[in-house]
Amino acid sequence: MARSLPDVIPIRLDKDLQARLKRLADKNGRTRSDEMREGLKYWTRLLEKPKIHVGALICFIAILVRRIEAHTGKTWLSDPATGAAVREEVSRLIECFIPEEKEPPVISPELRQITQDLIVIFAHLCREPGLAPVHVGDDWGALAVIAKDLGPALLRKMKTRVTITEVKGRQK
C-alpha cells in the first residue's frame, strides 16, 4: 500500500519571522519545515490538553514574565533577582483567582509530591531525551520539548537523585 504524502500548506511569514525560524532550525539541526511541524505539534498538544482556564493562565503568566524580563532587561533563568520577581509575581497573580477561604487550605503531601515527581521526570528527560518517545501517551513529549530550554537551569540546581521507577510507583 502506497503511503500518501502530507499536504503542503502555504504560509506567509514576514522577514523577521523567517530569519528567526531559520536560526531556530539551524540551532536544532532541522529544516525550517521540520521546525514548523515540531512547533505546531508542541503548541497544539500544549493548548489542546488543558482546559480553557489552564490555557488562559499559561498565557497570562507568559505576558507577566515577558513584562518583568523587559523591565529588568534580564531573563528569570539567568538573573536571581528577576527569577525571584517572577516567582513572587506569578504566585501573586494566581492568588487573585483562587476562591477565598476563612482558613488557608492545607496542601496534602500527595499534592506536594506531584511537583517533585514532575521535576524528577523533567530532570531525567534533560539527561536522556530519548525517554520521551517511550512514554508518548503522557505529558512526557511536552516536557521533553520544554527540557531543551529549561533543562540546564534545572540541572544546575539539582542536588538529589530520584529514579523514574520511584515516580512511576507513586502514579495511579
Side-chain angles (χ1 to χ4, degrees), residues 24 27-28 35 37-172:
L24 190 60
K27 174 184 165 190
N28 292 324
E35 198 62 45
R37 271 190 295 278
E38 288 303 310
L40 284 170
K41 285 178 193 174
Y42 170 75
W43 285 107
T44 56
R45 248 190 340 255
L46 182 67
L47 296 175
E48 282 175 357
K49 252 189 169 177
K51 303 280 187 196
I52 191 71
H53 69 284
V54 176
L57 180 62
I58 291 166
C59 293
F60 207 155
I61 290 170
I63 292 166
L64 174 63
V65 171
R66 278 196 306 266
R67 287 182 178 205
I68 291 170
E69 289 181 340
H71 183 77
T72 66
K74 299 174 181 166
T75 69
W76 65 272
L77 287 171
S78 63
D79 178 56
T82 302
V86 166
R87 180 189 62 233
E88 295 299 318
E89 296 309 305
V90 166
S91 179
R92 200 168 75 128
L93 175 71
I94 293 169
E95 285 289 329
C96 293
F97 301 105
I98 297 172
E100 298 262 343
E101 290 213 32
K102 292 179 183 176
E103 296 291 323
V106 175
I107 309 300
S108 72
E110 294 83 13
L111 289 177
R112 291 195 180 276
Q113 189 62 47
I114 292 170
T115 302
Q116 182 60 37
D117 289 350
L118 282 173
I119 291 168
V120 168
I121 292 167
F122 188 81
H124 280 278
L125 289 170
C126 294
R127 293 181 187 110
E128 297 180 56
L131 288 173
V134 174
H135 302 282
V136 168
D138 300 319
D139 292 328
W140 288 53
L143 288 172
V145 172
I146 296 166
K148 290 179 183 176
D149 290 325
L150 299 182
L154 177 78
L155 292 177
R156 76 173 173 239
K157 291 192 76 166
M158 291 290 292
K159 293 181 178 35
T160 60
R161 296 237 182 222
V162 178
T163 67
I164 294 294
T165 306
E166 291 175 59
V167 173
K168 285 190 155 288
R170 287 192 287 268
Q171 295 177 346
K172 294 182 181 180

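The figures that follow rest on heavy atoms only: side chains count, while hydrogens, waters and symmetry mates do not. This structure is a prediction, so every number in the text was calculated from the model and none was measured.
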Next item on the list: Just grab all the ring pair (Phe, Tyr, Trp, His ring centres under 6.0 Å) pairs involving residues 86-123, residues at least two apart or on different chains.
Entry: Phe60-Phe97

Notebook entry, point to check: Quick one: side chain to side chain donor-acceptor pair (under 3.5 Å) pairs with a partner in residues 90-105, sequence neighbours left out?
Noted result: Glu89-Arg92

Next item on the list: State the CD1-CG distance between Ile98 and Leu93, to the nearest 0.5 angstrom.
Entry: 10.0 Å

Next item on the list: Drop me the distance from Leu64's CG to Leu57's CG, to the nearest 0.5 angstrom.
Entry: 10.0 Å

Checklist line | Spacing of CG belonging to Leu24 relative to NZ belonging to Lys27, to within rounding of 0.5 Å | finding: 6.5 Å

Margin query: Going by salt bridge (Lys or Arg N to Asp or Glu O under 4.0 Å), name the residues that satisfy it together with Arg87, two or more places apart in sequence or in a different chain.
Written below: none

Check: Which residues satisfy the salt bridge (Lys or Arg N to Asp or Glu O under 4.0 Å) test with Glu69, sequence neighbours excluded?
Finding: none

Between side-chain atoms of residues 75-84 and protein atoms elsewhere (two or more places apart, or another chain), which donor-acceptor pairs fall under 3.5 Å?
{"from": "Thr75", "atom 1": "OG1", "to": "Ser78", "atom 2": "N", "distance (Å)": "3.1"}
{"from": "Thr75", "atom 1": "OG1", "to": "Ser78", "atom 2": "OG", "distance (Å)": "2.7"}
{"from": "Ser78", "atom 1": "OG", "to": "Thr75", "atom 2": "O", "distance (Å)": "3.4"}
{"from": "Asp79", "atom 1": "OD2", "to": "Thr82", "atom 2": "N", "distance (Å)": "2.8"}
{"from": "Asp79", "atom 1": "OD2", "to": "Thr82", "atom 2": "OG1", "distance (Å)": "2.6"}
{"from": "Thr82", "atom 1": "OG1", "to": "Thr72", "atom 2": "OG1", "distance (Å)": "3.0"}

Checklist line | Test side chain to side chain contact (heavy atoms under 4.5 Å, CB included) applied to Arg112 - qualifying residues, sequence neighbours left out | finding: Ile107

Check: Where do Glu110 and Ile114 land on the side-chain contact (heavy atoms from CB on, under 4.5 Å) test, with the steps shown first?
Finding: CA-CA 7 Å; Glu110 294 83 13; Ile114 292 170; over 6 Å; no

